[in-house]
Every structure is written in C-alpha cells, then in structure tokens.
Amino acid sequence: KIKEVTKNSLRFGVDTISNLETLKFSVQTFGPAGGKLMIVLRIDGQKEAQDLRPDVKIQCKYPQLSSAVVRWLTMHLLRYSHFYIYRQRN
C-alpha cells in the first residue's frame, strides 16, 4: 500500500519502532532509487535488513535512547497528532 500511495518513490523514512521486523518492512517500502532510513534504536540484525536493500542507507540517530523512552515519546506524539487531527475536523 505504501508503494502505491507514494507511487513507488519513497526516498526518506523513519522507523520509530526499530525492531528487525519493522526494519525489514521499512527498507522494502523504498522506491527503486533507494534513500535514507532513520531508526531510533540500534538493533541486532541491522546488517540483515541492510542486505535486503543496499541502496537504502540505514542510520541510527539516537543509539543511546532506551526503548522505554522511545515508546513514551511515540505515545505522546501519537496522542498529540490525534488531538490535532480531531481539532482540524471539528
């Protein structure tokens, strides 16, 4: 679905979950030109995902963050974005 919506042209992405499954999924959503994928946690198996798409550069922006901090940030961002969308519609 992502390739359909982006017309197979995705070049930049952020994986906020950063586990092996989401990393493999994320690199496979990029278009044929490749691109850059930021992950918030360094994970085991990163090389395995990188081997799927060598043209997608995987970078870990915050290797020192714990998974608990990332979950907390993600939940707060999701809550805010839902509130913002709700306010825009009403």
Side-chain angles (χ1 to χ4, degrees):
K1 188 85 173 169
I2 292 173
K3 285 189 172 195
E4 180 184 322
V5 170
T6 62
K7 297 183 176 124
N8 201 25
S9 64
L10 188 65
R11 291 183 34 218
F12 301 98
V14 178
D15 182 350
T16 60
I17 298 172
S18 298
N19 65 36
L20 187 54
E21 289 178 30
T22 62
L23 193 54
K24 286 180 176 180
F25 173 81
S26 296
V27 297
Q28 293 174 351
T29 61
F30 280 75
K36 291 184 182 180
L37 175 65
M38 298 298 295
I39 59 175
V40 294
L41 297 173
R42 192 171 309 282
I43 62 167
D44 294 333
Q46 185 173 329
K47 183 177 177 349
E48 184 180 338
Q50 184 69 71
D51 290 344
L52 291 173
R53 290 290 305 267
D55 56 338
V56 176
K57 184 176 181 182
I58 300 172
Q59 295 179 322
C60 183
K61 186 69 174 170
Y62 305 106
Q64 69 276 14
L65 287 181
S66 71
S67 59
V69 171
V70 171
R71 281 193 301 273
W72 183 86
L73 285 171
T74 303
M75 291 305 299
H76 279 68
L77 288 172
L78 288 173
R79 286 182 188 152
Y80 176 76
S81 65
H82 287 285
F83 175 73
Y84 180 76
I85 291 168
Y86 175 79
R87 287 196 61 206
Q88 293 295 319
R89 290 184 181 168
N90 294 321

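For the single chain, residues carry numbers from 1 onward in sequence order.
Under the rule for a salt bridge (Lys or Arg N to Asp or Glu O under 4.0 Å), Lys1 has no partner lying at least two apart in sequence or in another chain.
We find the CD1-CG distance between Ile58 and Asp15 to be 9.0 Å, quoted to the nearest 0.5 Å. For the atom pair CD (Gln46) and OG (Ser18), the distance works out to 9.0 Å, reported to the nearest 0.5 Å. With values rounded to the nearest 0.5 angstrom, Lys47 atom NZ is found 3.5 Å from Asp51 atom CG. Note that CG of Leu23 is 5.5 Å distant from CD1 of Ile39, once rounded to the nearest 0.5 Å. Atom CG in Leu37 sits 12.0 Å away from atom NZ in Lys57 (nearest 0.5 Å).
Across all non-hydrogen atoms, the minimal contact from Asn19 to Thr22 is OD1-N, 2.9 Å. What you find for Ala33 and Asp55 is that their closest heavy atoms are C-OD2, 4.1 Å. Of all heavy-atom pairs between Arg53 and Phe30, the closest is NH1-O, 3.0 Å.
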Please output the side-chain donor-acceptor pairs of residues 6-14 that fall under 3.5 Å, not counting sequence neighbours, one pair per line with the distance.
{"from": "Thr6", "atom 1": "OG1", "to": "Ile2", "atom 2": "O", "distance (Å)": "2.9"}
{"from": "Ser9", "atom 1": "OG", "to": "Thr6", "atom 2": "O", "distance (Å)": "2.5"}

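Within 6.0 Å of the CD atom in Glu21, the count of heavy atoms belonging to other residues, nucleotides or ligands does not exceed 12. Within a 6.0 Å sphere centred on NZ of Lys3, heavy atoms belonging to other residues, nucleotides or ligands number more than 12.
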Just do the side-chain contact (heavy atoms from CB on, under 4.5 Å) check on Leu20 and Lys24 with the steps written out, would you?
CA-CA 6 Å; Leu20 187 54; Lys24 286 180 176 180; 4.0 Å; yes

